[in-house]
Amino acid sequence: MAIADVMDDVDYKTINFNIEEAEFRHPLWLTESHFVYNLYRDDEGHLNCHRNTAGDPILSPRPLAKMCMNELVCEGNQISSFETDAIPADLYPKLLAEAIFQRQLQTIDFLVSTWPHSILDLQSVMPKEDLVEAQLLTIPIEGHDGITFLDCIMCGLLRQKYSSRLRTVNLSGFKQDRTLCRDICRLPLLWMPPADRDTEKIYDILSQTIDITEEKVQKYLNRIKCIYTTMDAHVPHGHQFPPITIILDCKMTLDDVPIGLALQNETPFRFACQRLWTERISDVNLPLNLLHRVLEPRDLTELEIEDRNLCTDDDKIEILLEALLLLPNIKSLSLPNTIHCNENEAAVKELNKVLRTMANLKKLNFPLCNLKDNLSDLLTGLQQTMTFLSLRDCRLSEADVLFLLEWPLTRGLFDLNVSRNNLRNSYQSILSLLEKLEEIRCFSLSYCCFSPAELRNIVDVASKCTNIKTLGIQSFTPLSETDSQMILKGCCLLTNLQKCLMLPECHAFLGSNDLDRFDNREKYLEFCDNILSDLKRDDIELE
């Protein structure tokens, strides 16, 4: 498995892989009504409440300013009756945070529609207690008939007042929320008057950019009409205001996204992104070489394209290569299950020519691609500073490992993943490769068919990699207690090691059912944790 995501901007020198961001997202306080509980984290990272000598939770009153804002936002009719210039501009972010925290939907709508700043950055105004929930913006709010926070924000955008100075809405940072991208890309269609949502007219607009049938357009319009019947009746359509750019982590994996992008120029809304994920979508296709029509190519720095059948279609390969040449600032390129040399060997060489021209490229991700005996054709001649390379489950051969050993960019890698390749015959080459990884922080060779003795030696050699923080050495079946103890002793010599992936999948453990297997895995984990504790390395997390 990958510890770091190729699409994230990771500082390998400072990151602590033992800290799960989601678990530590909650602040050290908990608000209830007009009081605040003071919290702390125990040694295991669990939140607890400070208590007095009598054992009662210690409470503090909320600051007076926040209590006043609470009264203001909870009276939706009151705040919306104010003249917009009567509310100080610097209060708006705090009022919006309080309105979100108190689930005051009418107030959220009003504040967005009258936003006095040029930028609305959702991540910065979200209440810290609410950021614990990764999909907060798109989960229906209890007691509000399925309405979400994003619905309220979209209503506010559609109702922009003359006094509003809003020009940019930043929705990036919610990449775990796949629904957010889908919903916000419906905004252009919702802005259009219902009378203009004619199948033929919409089809004429869309067909200039995406491959879509008129029948699909009709089905899509019917779906949107059904979903937004209530909202359509309460928002102005065709309302003119200066363009607003919406920045998001763009997941082009559902039909709403390419359709929304293709309709944006008919409305005041514009979309922009740095990170873009694309998959094949049934009945809707935005050719990659036409991305520049819907997104600014210079903004894109991280790109993932997944298409299992790409190498079986020469036209698709040409489109991919043309698209990459139009994206000058790509730093991370991910092509999972997309490049298969057994289906089109020439595609690998053509891709190599394009990769050489991508001056800013630092990360390459090729999981589930068939690159057997073709790694040199793919990577030869690259002269960038490469920090990340994933070749997980790529059917690597001894020749491919030998190429990595001689590849000039290997020395600078921070993250190398060669897991799920049968490297049994490349054991000695792997040892030599480890000695060459001078900057490595994350190294994974899990499920590579090495024997316990070979894994012990690999860990011993890895101890010379003084910067290594994560090590993946999983085998298909659980190791014996003796082998586990020896390997963990070796891991303890890795002074900067934070995480070791050593446990096989749950199904690999003995047991008559899933519960038994899970229990046996937990017992094995406890055994290994005790070894680390005895060796004074409780700081190493096992998975």
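Rounded to the nearest 0.5 Å, atoms CZ (Phe403) and CG (Leu375) are 5.5 Å apart. Residue Asp5 holds its CG atom at 9.0 Å from OG of Ser332, rounded to the nearest 0.5 Å. Interatomic distance, Ile317 CD1 to Glu350 CD, rounded to the nearest 0.5 Å: 9.0 Å. To the nearest 0.5 Å, atom CG of residue Leu416 and atom SG of residue Cys442 are 10.5 Å apart. With rounding to the nearest 0.5 Å, the separation of CD1 in Ile153 from CG in Asp109 is 10.0 Å. Note: Ile87 CD1 to Leu72 CG = 6.5 Å, rounded to the nearest 0.5 Å.
Between Lys225 and Asp232 there is no salt bridge, since no side-chain N of the basic residue sits under 4.0 Å from a carboxylate O of the acidic one. Using a 4.0 Å cut-off between charged nitrogen and carboxylate oxygen, Lys94 and Glu98 do not count as a salt-bridge pair. Between Arg420 and Glu505 a salt bridge is recorded (basic side-chain N to carboxylate O distance below 4.0 Å). We find that Glu345 and Lys372 are not joined by a salt bridge, their nearest charged nitrogen and carboxylate oxygen being 4.0 Å or further apart. Between Lys499 and Glu543, at least one side-chain nitrogen of the basic residue sits less than 4.0 Å from a carboxylate oxygen of the acidic one, meeting the salt-bridge criterion.
Of the N and O atoms on the side chains of Thr213 and Tyr203, not one donor lies less than 3.5 Å from an acceptor on the other residue. Between Ser390 and Asn365, the side chains place a donor N or O and an acceptor N or O closer than 3.5 Å (distance only, hydrogens not considered). Side-chain polar atoms of Asn289 and His292 form no donor-acceptor pair below 3.5 angstrom. In this model, a donor atom of one side chain and an acceptor atom of the other lie less than 3.5 Å apart for Thr199 and Gln218. Between the side chains of Arg356 and Asn352, at least one donor N or O sits under 3.5 Å from an acceptor N or O. Defined by atom type and a distance below 3.5 Å, a donor-acceptor pair is present between the side-chain atoms of Asp314 and Asn344. Side-chain atoms of Ser397 and Asp373 form a donor-acceptor pair, as typed in the model, at a separation below 3.5 Å.
Minimum interatomic distance between Ile15 and Val10 (heavy atoms only, all atoms of both residues): CD1-CG1, 3.7 Å. Minimum heavy-atom separation, Ile319 to Leu288: CG2-N, 3.6 Å. When every heavy atom of His117 is checked against every heavy atom of Ala89, the shortest pair comes out as NE2-O, 2.8 Å. Closest of all the heavy-atom pairs between Tyr228 and Asp151 is CE2-OD1, 4.4 Å. Taking both residues in full, the closest heavy atoms of Phe149 and Ile100 are given as CZ-O, 3.3 Å, listed atom of the first, atom of the second, then distance. Across all non-hydrogen atoms, the minimal contact from Arg197 to Leu189 is NE-O, 3.0 Å.
Heavy-atom contacts from other residues, nucleotides or ligands closer than 6.0 Å to CG of Asp90 number more than 12. When the shell of 6.0 Å around CD of Glu200 is examined, it contains 12 or fewer heavy atoms from other residues, nucleotides or ligands. At most 12 heavy atoms of other shown residues, nucleotides or ligands fall within 6.0 angstrom of atom CZ in Arg165. Heavy-atom contacts from other residues, nucleotides or ligands closer than 6.0 Å to NZ of Lys316 number more than 12. At most 12 non-hydrogen atoms from other residues, nucleotides or ligands lie less than 6.0 angstrom from CZ of Arg298. Atom CD of Glu322 has more than 12 heavy atoms from other residues, nucleotides or ligands within 6.0 Å. Atom NZ of Lys216 has more than 12 heavy atoms from other residues, nucleotides or ligands within 6.0 Å.
Taking the centre and axis of the six-membered ring of Tyr12, the NZ or CZ atom of Arg441 falls outside the cone set by 45° and 6.0 Å.
Checking side-chain atoms of Glu279 against main-chain N and O of Glu306 turns up no donor-acceptor pair under 3.5 Å. Side-chain atoms of Ser446 come within 3.5 Å of backbone N or O of Gln474 as a donor-acceptor pair. A donor-acceptor pair is defined here as one N or O able to donate and one able to accept, closer than 3.5 Å; such a pair exists between the side chain of Asp177 and the backbone of Leu180. Side chain of Thr338 to backbone of Asp307: a donor-acceptor contact under 3.5 angstrom is found. Between the side chain of Thr357 and the backbone N or O of Val354 there is at least one donor-acceptor pair closer than 3.5 Å. Put simply, the side chain of Ser164 never gets that close to the backbone of Gln160: no donor and acceptor are under 3.5 Å apart. Of the possible donor and acceptor atoms, none in the side chain of Trp277 sits under 3.5 Å from a partner among the backbone N and O of Cys250. Judged purely by atom type and a 3.5 angstrom limit, Arg270 uses its side chain to pair as donor or acceptor with the backbone of Gln264. With Gln135 contributing its side chain and Phe174 its backbone, the two residues share no donor-acceptor pair below 3.5 Å. A donor-acceptor pair under 3.5 Å is absent between the side-chain atoms of Lys363 and the main chain of Ser334, judged by distance alone.
Remark: of the listed residues Asp299, Asp9, Leu248, Asp9 is the sole one forming a side chain to side chain contact (heavy atoms under 4.5 Å, CB included) with Arg275.
Looking at Asp377 and Leu351, their side chains never come closer than 4.5 Å, going by heavy atoms from C-beta outward. For the pair Gln102 and Asn70, the minimum side-chain heavy-atom distance is below 4.5 Å. The shortest distance between side-chain heavy atoms of Asn421 and Asp400 does not fall below 4.5 Å. Taking the side chain as every heavy atom from C-beta outward, Leu391 and Leu404 approach each other to under 4.5 Å. Within the 4.5 Å cutoff, no side-chain heavy atoms of Ile212 are placed close to those of Asp283. Proximity of Leu158 to Leu187: side-chain heavy atoms (C-beta onward) are separated by under 4.5 Å at one or more points.
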Apply salt bridge (Lys or Arg N to Asp or Glu O under 4.0 Å) to Arg308 and Glu343, showing your working.
-> CA-CA 11 Å; Arg308 172 62 186 84; Glu343 295 174 351; 3.0 Å; yes
List the steps and the verdict of side chain to side chain contact (heavy atoms under 4.5 Å, CB included) for Ile330 and Leu300.
-> CA-CA 6 Å; Ile330 292 294; Leu300 285 168; 4.1 Å; yes
Stepwise, does the side chain to side chain contact (heavy atoms under 4.5 Å, CB included) test hold for Ile119 with Arg167?
-> CA-CA 6 Å; Ile119 298 174; Arg167 299 295 179 268; over 6 Å; no
Just do the side chain to side chain contact (heavy atoms under 4.5 Å, CB included) check on Ile247 and Asp121 with the steps written out, would you?
-> CA-CA 9 Å; Ile247 302 171; Asp121 183 355; over 6 Å; no
How far apart are the C-alpha atoms of His340 and Val348, what are their side-chain angles, what is the distance that settles it, and do they pass the side chain to side chain contact (heavy atoms under 4.5 Å, CB included) test?
-> CA-CA 8 Å; His340 302 286; Val348 177; over 6 Å; no
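Residues Phe241 and Phe269 bring their aromatic ring centres within 6.0 Å. A distance below 6.0 Å separates the ring centres of Phe476 and Tyr447.
For the salt bridge (Lys or Arg N to Asp or Glu O under 4.0 Å) test, residues two or more places apart in sequence or in another chain that qualify with Arg186 are Asp183, Asp256.
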